[in-house]
Amino acid sequence: MLILGIESSCDETAAAVLREGDFVLSNVIASQVAVHKKYGGVVPELASRHHIENIVPVVNASLQEAGVTQAQIDGIAVTQGPGLVGSLLVGVNYAKSLSFSWKRPLVAVNHLEGHIYSVPLELTRVERERGTQPAPWNDLFPALCLIVSGGHTSLYWVKSLSGGYDRDRFELVGRTRDDAAGEAFDKVAKLLHLGYPGGPIIDRLAKRGDSGAVCFPLSKISDGKLDFSFSGIKTAVLRYVQANLQQAVDEIRARRNEANFYDRLPQSVYDLIASFQKTAIDMLLDRTQRAAELRRPRSVLVSGGVACNSLLRGRFLEGFTKKGLPAYFPSPVLSTDNAAMIAAAGYPKLIAGTFADLNLNADVHLKLHD
Ligand code: KG4
Ligand code: ZN
């Protein structure tokens with residue numbers, strides 16, 4: 001069985017072809033980073049306009065790269081939500097027109113479910129590359145799944161991935177009360193005039209700083225829930241800059257187009273970045289560890305753009321894997337938004353015959369849990 005996945009929920013236009021739901025034949029992504037860079041964040045109107053331009057070439061490239069023709073595709077999976085409405089509509093509408101003209105079933109996928117599937121998809125890829133027999137995906141479950149990106153920071157309890165589509169499989173254990181983790185990275189980088197997207201830049205520059213230089217307290221959630229909060233850290237960075245580093249930051253702004261810009265920042269800025277990053281990652285680790293103590297999962301799965309963060313990976317490996325509870329991450333290309341994860345999540349629905357009809361609409365607030 002060949003399934004085509006289409007993803008357009010935010011600023012990446014992506015299409016992928018998978019064989020039997022776990023073998024990635026192609027995974028094509030058209031990034032819009034260059035478009036949104038000058039605004040320091042995704043501009044929804046521009047994102048949808050670029051999806052319209054990219055969707056046809058991206059889908060064609062995914063078929064070509066997979067070495068298959070449209071006649072060989074058995075079904076089409078598309079991200080229905082959550083995401084930006086104008087962006088989602090482009091993917092949903094194109095997937096519906098392909099379903100109609102190719103006479104192939106359409107399945108609707110929740111973007112967050114896609115992020116969860118990206119982890120077992122990665123593990124299978126690695127095992128195949130090593131020449132070993134991939135372990136059954138259900139060996140990982142029940143699992144705690146942390147989805148951390150520019151738009152989401154949610155911790156799910158996932159009972160299993162088998163048995164068709166069943167919303168009871170997902171339980172929301174914790175979520176951000178304000179900003180998403182990636183959003184905090186992007187906003188701190190913007191405040192310091194370091195460029196966009198902020199996450200990878202902060203990750204790289206933090207290695208030059210002392211993460212103990214500035215002490216930012218972890219936001220407290222007093223009602224006992226395992227929720228996250230990032231706006232307090234972001235505001236604390238702003239206050240710290242205003243009180244201690246305003247002149248340095250004004251100079252950074254004036255010099256941001258110079259050669260070797262990133263190599264010549266004041267040490268106090270590297271220290272601030274490292275301290276911010278440590279606090280943000282501590283927040284993610286703290287809540288996930290507390291949830292793991294309460295729930296006793298078989299694994300911890302981390303996905304989304306922020307799952308690329310090197311400190312996060314190191315701290316989760318130390319905090320979980322080395323203590324006997326394995327933590328897994330997708331490779332960077334499967335961590336950030338992609339369509340391979342959408343095709344993987346859509347495959348069980350294709351097999352189970354859980355099809356969407358041609359009235360399918362985008363759902364900006366689509367939930368994974370009841
Ligand atoms: O999953 P993604 O590609 O798109 C969505 O937001 O859905 O995630 C993008 C986010 C951005 O906020 C970006 O700054 C962050 O992921 N990010 C990182 C890293 N790489 C990407 N954050 C921290 N460290 C990184 N290495
Ligand atoms: Zn995402």
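Start at 1 and go down the list; that is how both ligands and their atoms are numbered. Numbers here are sequence positions counted from 1. Small disclaimer: the values here were computed from a predicted structure and weren't measured.
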### Message
Before we go on, tell me: are the rings of F185 and F276 under 6.0 Å apart, centre to centre?
### Response
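Yes, close enough.
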
### Residue pair E183, K187: steps toward the salt bridge (Lys or Arg N to Asp or Glu O under 4.0 Å) verdict
CA-CA 6 Å; E183 199 181 344; K187 285 181 178 166; 3.1 Å; yes

[X] atom [atom1], over 12 foreign heavy atoms within 6.0 Å:
{"X": "R208", "atom1": "CZ", "answer": "yes"}
{"X": "K207", "atom1": "NZ", "answer": "yes"}
{"X": "Q64", "atom1": "CD", "answer": "no"}

Going by distance only, is there an N or O of [X] that falls short of 3.5 Å from an N or O of ligand 1?
{"X": "G150", "answer": "yes"}
{"X": "D203", "answer": "yes"}
{"X": "N309", "answer": "yes"}
{"X": "H111", "answer": "no"}
{"X": "G304", "answer": "no"}

### Task
Please find the N/O/S atom of D337 nearest to the Zn ion (ligand 2) and write down its name.
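For D337, the N/O/S atom sitting closest to the Zn ion (ligand 2) is OD1.
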
At what distance is the nearest protein heavy atom to [atom], and which residue and atom is it?
{"atom": "atom 18 (C) of ligand 1", "answer": "G199 CA, 3.5 Å"}
{"atom": "atom 21 (C) of ligand 1", "answer": "G305 O, 3.3 Å"}
{"atom": "atom 7 (O) of ligand 1", "answer": "D337 OD2, 3.1 Å"}
{"atom": "atom 13 (C) of ligand 1", "answer": "D186 OD1, 3.8 Å"}

Give the numbers and elements of all ligand 1 atoms closer than 4.0 Å to a heavy atom of [X].
{"X": "T336", "result": "1 (O), 3 (O)"}
{"X": "G151", "result": "6 (O)"}
{"X": "G182", "result": "12 (O)"}
{"X": "P197", "result": "14 (O)"}

### Query
Pick from Q247, Q246, R253: which one makes a side-chain hydrogen bond (donor to acceptor under 3.5 Å, both in side chains) with D250?
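By the side-chain hydrogen bond (donor to acceptor under 3.5 Å, both in side chains) criterion, D250 pairs with just one of Q247, Q246, R253: Q246.
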
### Verdict with reasoning, W137 to T124, per side-chain contact (heavy atoms from CB on, under 4.5 Å)
CA-CA 8 Å; W137 289 6; T124 296; 2.6 Å; yes

### Task
Check whether any side-chain heavy atom of H115 sits under 4.5 Å from a side-chain heavy atom of V119, and report yes or no.
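A side-chain contact under 4.5 Å is absent here.
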
### Query
Taking the Zn ion (ligand 2) as the vertex, what is the angle from NE2 of H111 to NE2 of H115, given to 10 degrees?
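Rounded to 10°, it measures 90°.
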
### ligand 1 contact by C10, heavy-atom criterion under 4.0 angstrom
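No, C10 has no heavy atom closer than 4.0 Å to ligand 1.
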
### Query
Hey, mind stepping through L4 and R104 against side-chain contact (heavy atoms from CB on, under 4.5 Å) and telling me if it holds?
CA-CA 10 Å; L4 169 71; R104 291 293 183 271; over 6 Å; no

### Query
Quick one: is the NZ or CZ of R204 closer than 6.0 Å to the six-membered ring centre of Y262, and within 45° of its axis?
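Yes, a cation-pi geometry.
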
